[in-house]
There are 2 protein chains.
Amino acid sequence: MGVTSEIVKDFKKFIKKKGLKYTSEREEILKEILKSKQHFDVDGLYMKLRKKGSKVSKASVYRTIPLLVEAGYIQEVYKQDSRSYYEVTLDKLPHIHFICIKCKGVDEIIDEYLVEHIQKKAKEKKYTPLTYHLEIFGICHKCKEEG
Amino acid sequence: MGVTSEIVKDFKKFIKKKGLKYTSEREEILKEILKSKQHFDVDGLYMKLRKKGSKVSKASVYRTIPLLVEAGYIQEVYKQDSRSYYEVTLDKLPHIHFICIKCKGVDEIIDEYLVEHIQKKAKEKKYTPLTYHLEIFGICHKCKEEG
DNA sequence: TTTTATCTTGAGAATAAGTTTCAAATTAAA
DNA sequence: TTTAATTTGAAACTTATTCTCAAGATAAAA
Ligand SMILES: [Mn+2]
Ligand SMILES: [Mn+2]
Ligand SMILES: [Zn+2]
Ligand SMILES: [Zn+2]
């Protein structure tokens with residue numbers, strides 16, 4: 001049994017435990033998200049679903065995302081141009097995103113030490129961390145060369 | 001001569017060098033921002049200006065902010081509820097913001113080591129950093145206790 | 001100082017991501 | 001199968017930010 005179907009089963013349990021109803025739309029959205037191995041936004045996700053013939057509405061995508069965040073499968077990792085970007089958090093530590101403001105390219109840096117450091121600081125301030133946005137906006141090497 | 005009038009003079013120079021015109025609106029906005037010793041958003045800033053009798057329009061506030069960012073006086077430090085928050089960057093290193101999603105309170109941690117670490121990573125990836133968003137969204141101690 | 005070209009302003013319209021509304025459809029417990 | 005509760009899609013709504021444009025301000029040149 002693949003990792004995906006494990007998650008789908010867990011999600012169903014999660015939904016039931018909350019007293020909500022498990023629907024095909026919710027499952028469709030979760031499955032599509034699990035396929036994305038990169039960052040995604042609502043519009044991109046919605047387009048992908050539509051292209052495969054799905055009839056899910058954008059409203060349902062917007063409504064399902066907070067559930068998936070709460071269940072711990074995805075996280076909002078950054079915002080750009082007034083749009084939120086998410087990623088699947090399977091085995092992923094919080095990490096830094098370098099975002100090029102010219103080409104919009106995103107580069108990740110995973111760094112265990114950094115995460116520990118930040119979590120120690122959070123503990124000092126008695127915060128319970130939920131979401132990390134560690135973003136550096138700037139110009140990437142390629143765009144710099146092109147002027 | 002105070003630090004403010006120094007900055008105002010520099011800003012005028014900056015504006016002229018760009019071939020733009022120095023206006024009372026731009027100066028008013030800069031001065032009001034320099035007074036704010038905390039994070040601010042456009043609406044709050046605009047309200048403050050209005051309360052002191054200023055006639056500056058919100059459009060001008062929106063238009064002036066990118067100039068002040070470019071000049072290096074302020075930076076966008078985080079976004080919340082689809083609103084951007086800025087702060088004056090005088091002698092301020094990039095720093096972490098702990099943001100409570102319940103009470104919206106913001107706590108800062110300035111940490112030279114962290115900044116150096118991140119900048120080293122940026123250099124490794126050949127990025128030219130411009131803006132840092134180092135945010136941790138979570139629950140503060142107080143809100144945690146209140147349930 | 002006056003002229004003139006260019007830039008900036010305020011007001012309101014436009015844009016677009018995300019939220020809300022509501023009647024019809026679906027779920028799942030009884 | 002019946003029934004109560006939830007969810008859905010579609011469209012309306014909200015709201016921060018951007019854009020448009022005519023009128024006003026700036027500053028270089030005359
Ligand atoms: Mn990432
Ligand atoms: Mn700060
Ligand atoms: Zn780039
Ligand atoms: Zn709080």
Side-chain angles (χ1 to χ4, degrees), chain A residues 8 11-30 32-33 39-47 49-50 53-71 74 76-86 101 104 131 133 137, chain B residues 8 11-30 32 39-50 53-71 74 76-86 101 104 131 133 137:
Chain A
V8 167
F11 183 50
K12 186 166 184 176
K13 207 184 292 177
F14 169 87
I15 288 292
K16 293 306 194 74
K17 185 166 285 174
K18 278 184 76 79
L20 304 177
K21 291 176 176 172
Y22 194 70
T23 66
S24 59
E25 288 85 356
R26 283 171 177 165
E27 185 171 311
E28 250 188 298
I29 292 164
L30 169 58
E32 189 59 45
I33 284 175
H39 306 134
F40 65 91
D41 63 355
V42 167
D43 217 64
L45 174 59
Y46 175 68
M47 295 308 194
L49 285 162
R50 290 271 65 221
S54 170
K55 289 286 184 299
V56 226
S57 69
K58 202 176 270 189
S60 284
V61 176
Y62 273 111
R63 286 187 282 232
T64 300
I65 280 179
L67 293 171
L68 298 175
V69 170
E70 194 189 337
I74 62 174
E76 185 194 73
V77 283
Y78 66 92
K79 296 184 198 207
Q80 197 184 21
D81 305 328
S82 60
R83 209 170 308 160
S84 290
Y85 288 84
Y86 303 85
I101 58 173
K104 314 286 181 185
T131 309
H133 283 206
F137 294 94
Chain B
V8 166
F11 183 50
K12 186 166 184 176
K13 209 185 290 178
F14 169 87
I15 288 292
K16 292 309 196 71
K17 186 167 284 173
K18 278 184 74 79
L20 304 176
K21 291 174 177 173
Y22 194 70
T23 66
S24 60
E25 287 85 356
R26 283 170 176 165
E27 186 171 311
E28 252 188 297
I29 293 165
L30 169 57
E32 191 59 46
H39 306 135
F40 65 91
D41 64 354
V42 167
D43 218 64
L45 174 59
Y46 175 68
M47 295 308 193
K48 279 214 267 176
L49 284 163
R50 293 253 89 207
S54 169
K55 290 285 184 295
V56 225
S57 70
K58 202 177 270 190
S60 284
V61 176
Y62 273 109
R63 286 187 282 231
T64 300
I65 280 179
L67 293 171
L68 297 175
V69 169
E70 194 189 337
I74 64 175
E76 185 194 74
V77 283
Y78 66 92
K79 297 185 198 206
Q80 197 184 23
D81 305 327
S82 60
R83 208 170 306 158
S84 290
Y85 288 84
Y86 303 85
I101 60 174
K104 315 285 180 183
T131 309
H133 283 206
F137 295 93

Review point. NA contact type, Ser84(A), heavy-atom cut-off 4.0 Å: base, sugar-phosphate, or nothing?
Key: sugar-phosphate

Revision key, fill the gap. When rounded to whole Å, the CD1 to C1' distance for the pair Ile15(A) and dT27(C) reads 13 Å

Review point. Counting only side-chain N and O atoms of Thr23(B), is one of them less than 4.0 Å from OP1 or OP2 of dT9(C)?
Key: yes

**Study point:** Pairwise salt bridge (Lys or Arg N to Asp or Glu O under 4.0 Å) hits with a residue in residues 41-50 of chain B, at least two apart
**Key:** Glu32(B)-Lys48(B), Asp41(B)-Arg83(B), Asp43(B)-Lys58(B)

Revision key, fill the gap. Sorted by chain and number, sequence neighbours left out, side-chain hydrogen bond (donor to acceptor under 3.5 Å, both in side chains) with Ser84(A) holds for Glu76(A)

Review point. Residues in side-chain contact (heavy atoms from CB on, under 4.5 Å) with Ile101(A), at least two apart?
Key: Phe137(A), Ile139(A), Leu130(B)

Check your understanding: Is any side-chain heavy atom of Val69(B) less than 4.5 Å from a side-chain heavy atom of Thr131(B)?
Key -> no

Point to revise | Spacing between Tyr86(B) atom OH and dT17(D) atom C1', to the nearest angstrom | key: 9 Å

Review point. Closer to the 5' end of DNA chain D via nearest nucleotide, is it Ala59(B) or Asp81(B)?
Key: Asp81(B)

Check your understanding: Please give, in whole Å, the distance from dT8(D) C1' to Lys58(A) NZ?
Key -> 17 Å

Review point. With no angle test and no hydrogens, is the base of dT6(D) tied to the side chain of Lys21(A) by a donor-acceptor pair under 3.5 Å?
Key: no

Check your understanding: Given atom OH of Tyr46(B) and atom P of dA16(D), what is their separation to the nearest angstrom?
Key -> 13 Å

**Study point:** Thr64(B) side chain reached by Leu30(B) side chain, heavy atoms, under 4.5 Å
**Key:** no

**Study point:** Gln80(A) vs Tyr85(A) side-chain heavy atoms within contact, under 4.5 Å
**Key:** yes

Exercise for review: Just jot down the side-chain hydrogen bond (donor to acceptor under 3.5 Å, both in side chains) partners of Lys104(B), sequence neighbours excluded, or say none.
Suggested key: Asp81(B)

Point to revise | Value in whole Å for how far the P atom of dT7(D) lies from NZ of Lys18(A) | key: 10 Å

**Study point:** Heavy-atom donor-acceptor pair, Arg63(A) side chain to Arg26(A) backbone, under 3.5 Å
**Key:** no

**Study point:** Along DNA chain C (nearest heavy atom to each residue), the more 5'-positioned of Glu76(A) and Ser57(B)
**Key:** Ser57(B)

**Study point:** Side-chain heavy atoms of Glu70(B) within contact of Lys18(B), under 4.5 Å
**Key:** yes

Practice item. Starting at atom CD of Glu27(A), determine the distance to atom P of dT26(C), rounded to an integer number of angstrom. Key: 17 Å

Review point. What is the bend of the helix from dT1(C)-dA30(D) to dA30(C)-dT1(D) when you compare the axis at one end with the axis at the other, using five pairs each and rounding to 10°?
Key: 30°

Exercise for review: For dT7(D), take OP1 and OP2 only and decide whether either is under 4.0 Å from a side-chain N or O of Arg26(A).
Suggested key: yes

Practice item. Could you list by number each residue of residues 62-71 of chain A showing a heavy-atom separation from DNA chain D of less than 4.0 Å, or answer none if no residue does? Key: Arg63(A)

Point to revise | side-chain contact (heavy atoms from CB on, under 4.5 Å), paired with Glu25(A), selected from Val56(A), Val61(A), Leu49(A) | key: Val56(A)

Review point. How many Å lie between CZ on Arg50(A) and P on dG9(D), as a whole number?
Key: 9 Å

Check your understanding: Tell me: CD of Glu28(A) to C1' of dT7(D), nearest whole Å?
Key -> 14 Å

Practice item. By nearest nucleotide on DNA chain D, pick out whichever of Glu25(B) and Asp43(B) is the more 5' one. Key: Asp43(B)

**Study point:** Residue-phosphate contact under 4.0 Å: Ser82(B) side-chain N/O, dG18(C) OP1/OP2
**Key:** no

